[in-house]
Novice: 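Below you will find the structure I want to go over with you.
What you see below is based on every heavy atom in this structure, not just the backbone, and it leaves out hydrogens, waters and symmetry mates. Just so we're on the same page: letters track the sequence lines, and every chain starts at 1. Given the structure is predicted, the values throughout are model-derived calculations rather than measurements.
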Amino acid sequence: MTHPLRGSSAVVGIGLTEFGDLPGKTAIEVLAEASHNALADAGLTLRDVDGLFTSSMERVFHPLQVCEYLGVQPKVIDGTNIGGSAFVNCVHTAAMAIATGECEVALICYGSISRSNRKNKVRGANPNAGALHMSEYQSRQPIVSYAMAAARHMYQYGTTREQLSHVAVSARQWAMKNPRAEMRDPLTVEEVSNARLICDPFTLFDCCLVSDAGAAIVMTSAERAKDFPHKPVYLLGIGTAITHDQIGQMPDLTVTAAAQSGPRAFAMAEMKPSDIDVAEFYDAFTINTLLFLEDLGFVPKGEAGPFVADGNIAPGGSLPVNTNGGGLSCVHPGMYGMFVTIEAVEQLRGGCGERQIDGAQVALANGNGGVLSSQVTAIYGTDETL
Amino acid sequence: MADSASSPFAGDGPELTFRKGLDSGEFKIQKCNDCGSTIYYPRAVCNHCGSANYSWHTASGNGTVYSTSVERTPPEKGGNQNLAIIDLEEGGRLMSRVVDIDPTEVKIGMAVKAFIGEIGGTKLILFRPA
Ligand SMILES: [Zn+2]
């Protein structure tokens with residue numbers, strides 16, 4: 001029997017701000033700009049919003065502030081913070097709220113000035129504070145956690161330094177086709193491998209950017225979605241899974257919760273990995289891309305390194321991954337989750353210019369949160385896939 | 001309702017019991033009386049089966065490096081530091097640091113031994129090569 005959420009809701013509006021340095025702006029201003037843009041893209045205004053979904057690293061009562069600031073009094077609200085995947089998790093809860101009639105127009109929104117804050121030495125909330133039996137070690141989070149996942153993958157499966165570098169190079173090759181991407185200079189495997197070590201085995205180029213940016217999407221019911229300016233992008237399947245908070249409690253550093261969220265999303269969508277035309281992963285670090293290729297079933301466990309080194313995820317490869325350039329080369333505010341969704345939607349709308357995947361009808365977006373802690377996998381399709 | 005004296009939640013919480021152990025030089029670890037799993041870090045319920053029925057033991061301190069990294073820092077800012085995930089002999093896993101060795105020489109699979117150390121005034125479990 002078809003899952004009741006399959007194809008029941010759609011993304012009808014997307015909004016972005018400029019990426020990079022946004023001096024003179026606050027995080028909530030950036031969020032508001034992206035929200036305004038997403039609603040305008042859908043031909044709506046803030047007055048139409050009756051469901052609000054957001055998350056932030058900046059403030060405990062962030063959802064309240066967003067509603068107050070935007071002047072929205074939603075019937076449904078979700079501000080759950082499960083890390084950067086929160087915004088794909090928001091798609092999950094928004095879809096449930098829309099399918100049950102609890103709300104009609106869901107705004108999912110995010111804004112951050114991570115780079116400006118770093119420049120101005122403004123310290124945001126420390127995600128390590130309160131991590132049980134971990135925060136007192138004063139480790140360099142989150143980088144070192146992902147680095148240890150990479151080290152374990154290399155030990156267990158023979159994944160190489162060069163294969164990690166190919167992830168960064170593939171992302172850069174896509175970014176070079178995206179006028180919005182922050183990093184558009186050519187990058188070689190040697191440059192990545194020989195760059196300054198941050199946390200072994202990671203060099204500078206294994207790590208994502210730190211950006212100022214905002215992003216928002218608008219979702220509504222599939223029924224209503226037909227009447228919007230852009231062709232709707234339907235949510236076909238979605239799954240959420242969590243394995244841990246801190247890296248020391250991750251059951252297996254080489255297997256993420258995407259091994260659970262992925263199969264759930266595929267089952268709901270009634271699809272398999274080979275049905276995916278384009279995949280957008282939260283690549284906070286190069287190892288993420290390898291882990292998600294394996295855990296989502298695109299390649300068997302342990303084989304993502306050679307797969308990437310063979311050029312499969314780069315432009316012209318068999319499976320286009322992170323076609324916007326990803327968190328490594330396009331944009332990465334504190335939480336990147338919204339951007340995997342937006343690139344998936346843009347690819348299915350067909351307006352990606354030089355980086356457009358011809359005839360893309362099914363896109364996968366995988367949000368990652370914490371230190372590989374939470375994974376939310378969403379599968380989107382055009383109306384032909386309903 | 002269970003009377004409070006027989007409740008597994010009576011008295012000090014497991015966190016305080018663990019911390020008191022560290023203060024007296026003991027690395028205490030919980031074992032679930034229902035499923036037999038080691039519970040680490042300390043918890044009020046077993047994270048393997050949900051039971052609140054556990055007992056305390058002294059950990060052997062024997063561990064194996066499950067993964068490792070080096071936090072690269074210039075010498076003038078404190079120098080490189082090891083960070084590792086250690087599998088305890090009894091079961092259970094924790095993030096810690098392996099010290100008294102060149103941080104780059106810590107390898108996956110290496111045998112390590114726990115000791116009670118201190119970072120920033122907080123007592124905690126650290127490791128050195130066995
Ligand atoms: Zn148990």
Novice: For B:Gln81, which atoms come within 4.5 Å of any heavy atom of chain A: side chain, backbone, both, or neither?
Specialist: neither
Novice: Do the side chains of A:Lys301 and A:Asp295 get close enough for a salt bridge, i.e. N-O under 4.0 angstrom?
Specialist: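 Looking at A:Lys301 and A:Asp295, the cut-off is met.
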Novice: Please list, in residue-number order, every residue in residues 191-200 of chain A that has a heavy atom less than 4.5 Å from any heavy atom of chain B; write 'none' if there are none.
Specialist: A:Leu197, A:Ile198, A:Cys199, A:Asp200
Novice: Which atoms of B:Tyr66 are under 4.5 Å from chain A, going by heavy atoms: the side chain, the backbone, both sets, or neither?
Specialist: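 B:Tyr66 touches chain A through backbone and side-chain heavy atoms alike.
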Novice: On the ring face of B:Phe127, is B:Arg97 found with NZ or CZ under 6.0 Å from the centre and within 45° of the axis?
Specialist: no
Novice: List for me each residue that meets side chain to side chain donor-acceptor pair (under 3.5 Å) alongside A:Asn117, sequence neighbours excluded, and say none if there are none.
Specialist: none
Novice: Chain A heavy atoms under 4.5 Å from B:Thr68: which part of the residue, side chain, backbone, both or neither?
Specialist: backbone
Novice: With chain A as the partner, which of B:Leu124, B:Ile125, B:Asn47, B:Thr104 has the greatest number of non-hydrogen pairs under 4.5 Å?
Specialist: B:Leu124
Novice: What residues, two or more places apart in sequence or in another chain, satisfy side chain to side chain donor-acceptor pair (under 3.5 Å) together with B:Asn53?
Specialist: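 B:Asn53 satisfies side chain to side chain donor-acceptor pair (under 3.5 Å) with B:Asn33 only.
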Novice: Is the shortest distance from a Lys or Arg side-chain nitrogen in A:Asp21 or A:Lys119 to a carboxylate oxygen in the other one below 4.0 Å?
Specialist: yes
Novice: Salt bridge between A:Asp206 and A:Arg161, side-chain N to carboxylate O under 4.0 Å?
Specialist: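 Between A:Arg161 and A:Asp206 there is a salt bridge, with a charged N closer than 4.0 Å to a carboxylate O.
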Novice: Heavy-atom distance under 4.5 Å to chain B: side chain of A:Glu136, backbone, both or neither?
Specialist: both
Novice: Is NZ or CZ of B:Arg128 both nearer than 6.0 Å to the six-membered ring centre of B:Phe115 and within 45° of the ring axis?
Specialist: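 Ring-cation test returns yes.
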Novice: Salt bridge between B:Lys123 and B:Glu118, side-chain N to carboxylate O under 4.0 Å?
Specialist: no
Novice: For A:Glu182, which residues count as a side chain to side chain donor-acceptor pair (under 3.5 Å) partner, sequence neighbours excluded?
Specialist: A:Arg115, A:Ser211
Novice: For chain A, which of B:Asn80, B:Thr73, B:Ile86 has the most heavy-atom pairs under 4.5 Å?
Specialist: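 Between B:Asn80, B:Thr73, B:Ile86, the count favours B:Thr73.
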